[in-house]
Colleague: 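This is the structure I have questions about; it appears just below.
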Amino acid sequence: MCHLVGYIGDRPIAPLILKALELQEPYFAAHATGMGVIDAKGKIQIEKATGPVAVVKKTTKITKLKGKIGIGHSRYSGYAREDPRYDIDA
């Protein structure tokens, strides 16, 4: 099960996308979270790690991503629930 959110606009992108993902987590939790944005130079910047949004915010630079276009994703894996080998950063 996955949670997805996208945004195009001028507001600070990381807080919007991360808050939307956090609001979706109570439905199915999250084993991994990530976000990709297109920065001012047109390059794609990506941050991702295992864990729910709160953990990824503490362990990566995901809150520092800046851009006008972005997508966020968190996934819940039935496999990860049963077998912790699936809960790895890759």
Side-chain angles (χ1 to χ4, degrees):
M1 188 61 63
C2 295
H3 313 290
L4 298 168
V5 62
Y7 178 75
I8 298 172
D10 292 329
R11 294 174 57 193
I13 200 164
L16 288 169
I17 289 177
L18 294 171
K19 182 63 175 179
L21 290 174
E22 285 175 327
L23 291 170
Q24 295 177 60
E25 279 183 0
Y27 294 104
F28 289 102
H31 285 125
T33 303
M35 182 170 43
V37 302
I38 299 175
D39 67 16
K41 296 179 182 177
K43 290 191 174 193
I44 298 173
Q45 303 293 322
I46 297 172
E47 286 289 333
K48 61 182 180 173
T50 57
V53 172
V55 171
V56 176
K57 284 166 66 173
K58 291 178 185 176
T59 60
T60 69
K61 297 177 182 179
I62 201 164
T63 60
K64 306 271 191 247
L65 292 176
K66 296 184 187 318
K68 296 192 181 276
I69 301 171
I71 187 166
H73 172 266
S74 61
R75 75 170 165 80
Y76 171 79
S77 169
Y79 292 116
R81 183 185 67 226
E82 303 296 327
D83 186 344
R85 292 178 300 165
Y86 285 95
D87 231 2
I88 59 172
D89 289 330

Colleague: Are any non-hydrogen side-chain atoms of V56 and K48 less than 4.5 angstrom apart?
Modeller: no
Colleague: How close do A49 and T60 get, counting heavy atoms only, and between which atoms?
Modeller: CB-CG2, 3.8 Å
Colleague: Could you check whether atom CG of L23 has more than 12 heavy atoms from other residues, nucleotides or ligands sitting under 6.0 Å from it?
Modeller: yes
Colleague: Could you give the distance from OH (Y7) to CD1 (I17), rounded to the nearest 0.5 Å?
Modeller: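 One finds 9.0 Å between OH of Y7 and CD1 of I17.
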Colleague: Do I13 and I71 land in one hydrophobic cluster if side-chain heavy atoms of ILVMFWY residues count as linked below 4.5 Å?
Modeller: no
Colleague: Identify the heavy atoms of K68 and D10 that sit nearest to each other, and give their distance.
Modeller: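 Scanning both residues completely, I find the closest heavy atoms to be NZ-OD1, 2.8 Å.
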Colleague: Locate the shortest heavy-atom distance separating L18 from T63; write the atom from each residue and the value.
Modeller: CD1-CG2, 3.9 Å
Colleague: For residues 33-41, which side-chain donor-acceptor pairs fall under 3.5 Å, sequence neighbours excluded?
Modeller:
{"unit_1": "T33", "atom_1": "OG1", "unit_2": "G51", "atom_2": "O", "d": "2.8"}
{"unit_1": "D39", "atom_1": "OD1", "unit_2": "K41", "atom_2": "N", "d": "2.9"}
{"unit_1": "D39", "atom_1": "OD1", "unit_2": "G42", "atom_2": "N", "d": "3.1"}
{"unit_1": "D39", "atom_1": "OD1", "unit_2": "K43", "atom_2": "N", "d": "2.9"}
{"unit_1": "D39", "atom_1": "OD2", "unit_2": "Q45", "atom_2": "NE2", "d": "3.1"}

Colleague: Which pair of heavy atoms, one from H3 and one from L21, lies closest together, and at what distance?
Modeller: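 Of all heavy-atom pairs spanning H3 and L21, the closest is O-CD2, 3.8 Å.
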Colleague: Checking the side chain of E25 only, and the main-chain atoms of V53 only, is there a donor and an acceptor separated by less than 3.5 Å?
Modeller: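 Yes, because the side chain of E25 sits within donor-acceptor range (under 3.5 Å) of the backbone of V53.
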Colleague: Should L4 and L16 be counted in the same cluster of Ile, Leu, Val, Met, Phe, Trp and Tyr side chains packed under 4.5 Å apart?
Modeller: no
Colleague: If you group Ile, Leu, Val, Met, Phe, Trp and Tyr by side-chain heavy-atom gaps below 4.5 Å, do I8 and I46 land in one group?
Modeller: yes
